[in-house]
Amino acid sequence: MVSTMLAASDLPWQELHGNLRAFIGRRVRNQADVDDLVQRVLLQIVKGLGSLRDAERLHAWVYRTARNVIVDHYRSSTARRELASGDAED
């Protein structure tokens, strides 16, 4: 009985994980990065869930969070490449 309850309660998280993985995977090619970014999004969701004011906007908030994490990923990878190429010129 308990395992059935746990599996049922995990279902929304499993579904969200799969949806986020697909969403991020369409925007990021490296699968290791996709896994890392999904985890970052889920962590931000768990941390920020208490501050969500309108539960009806949960879906939009989750995907806005995902977009922001993707943008941060590309910004940081661009910054790393620029630093690496700048060091090579010195």
Side-chain angles (χ1 to χ4, degrees):
M1 175 81 173
V2 173
S3 62
T4 305
M5 289 175 28
L6 289 175
S9 67
D10 286 345
L11 187 59
W13 286 105
Q14 290 172 355
E15 185 177 337
L16 178 61
H17 183 273
N19 291 342
L20 283 171
R21 194 165 189 342
F23 179 82
I24 293 171
R26 288 190 296 271
R27 290 156 178 82
V28 177
R29 292 182 187 208
N30 183 324
Q31 291 305 306
D33 288 342
V34 171
D35 292 335
D36 290 343
L37 296 175
V38 169
Q39 293 303 313
R40 286 185 201 169
V41 172
L42 291 173
L43 182 61
Q44 287 188 10
I45 290 169
V46 170
K47 285 182 175 181
L49 203 53
S51 66
L52 183 64
R53 295 181 203 158
D54 185 1
E56 292 180 10
R57 305 233 12 179
L58 177 64
H59 186 265
W61 176 71
V62 165
Y63 285 94
R64 184 179 65 232
T65 300
R67 284 184 200 93
N68 290 343
V69 167
I70 293 166
V71 168
D72 290 346
H73 165 73
Y74 280 116
R75 282 183 184 154
S76 68
S77 64
T78 301
R80 282 190 301 243
R81 273 188 263 130
E82 288 175 359
L83 286 174
S85 66
D87 290 341
E89 292 174 7
D90 290 338

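Computed over heavy atoms, backbone and side chain alike; hydrogens, waters and symmetry mates excluded.
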With clusters defined by side-chain heavy atoms of hydrophobic residues (ILVMFWY) lying less than 4.5 Å apart, directly or transitively, does [Y] cluster with [X]?
X     : Y     : answer
Tyr74 : Val34 : yes
Val28 : Tyr63 : yes
Val69 : Leu52 : yes

ask   = Would you say the side chain of Val46 lies within less than 4.5 Å of the side chain of Trp13, judging by non-hydrogen atoms?
value =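 Sidechains of Val46 and Trp13: in contact.
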
query = Can you find a heavy atom in the side chain of Ile45 that is under 4.5 Å from one in the side chain of Leu16?
reply = yes

query = Does Arg29 CZ have over 12 foreign heavy atoms under 6.0 Å away?
reply = no

query = If you count the non-hydrogen atoms of other residues, nucleotides and ligands that lie under 6.0 Å from CZ in Arg57, is the total more than 12?
reply = no

ask   = Which of these, Leu49, Val62, Asn68, Thr65, sits in a side-chain contact (heavy atoms from CB on, under 4.5 Å) with Gln44?
value =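 Between Gln44 and the candidates, side-chain contact (heavy atoms from CB on, under 4.5 Å) is satisfied uniquely by Thr65.
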
inquiry  = To check you understand the geometry: which heavy-atom pair defines the closest contact between Ala66 and Leu20, and what is its length?
reply    =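 Smallest interatomic distance, heavy atoms only, reads CB-CD2, 4.0 Å.
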
query = If you look only at pairs with a residue in residues 30-41, which of them pass as a salt bridge (Lys or Arg N to Asp or Glu O under 4.0 Å), with sequence neighbours excluded?
reply =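 Every pair satisfying salt bridge (Lys or Arg N to Asp or Glu O under 4.0 Å) with a residue in residues 30-41: Arg21-Asp35.
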
key: Ile24 CD1 to Arg67 CZ distance, which is reported to the nearest 0.5 Å   =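 If I round to the nearest 0.5 Å, the distance is 11.0 Å.
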
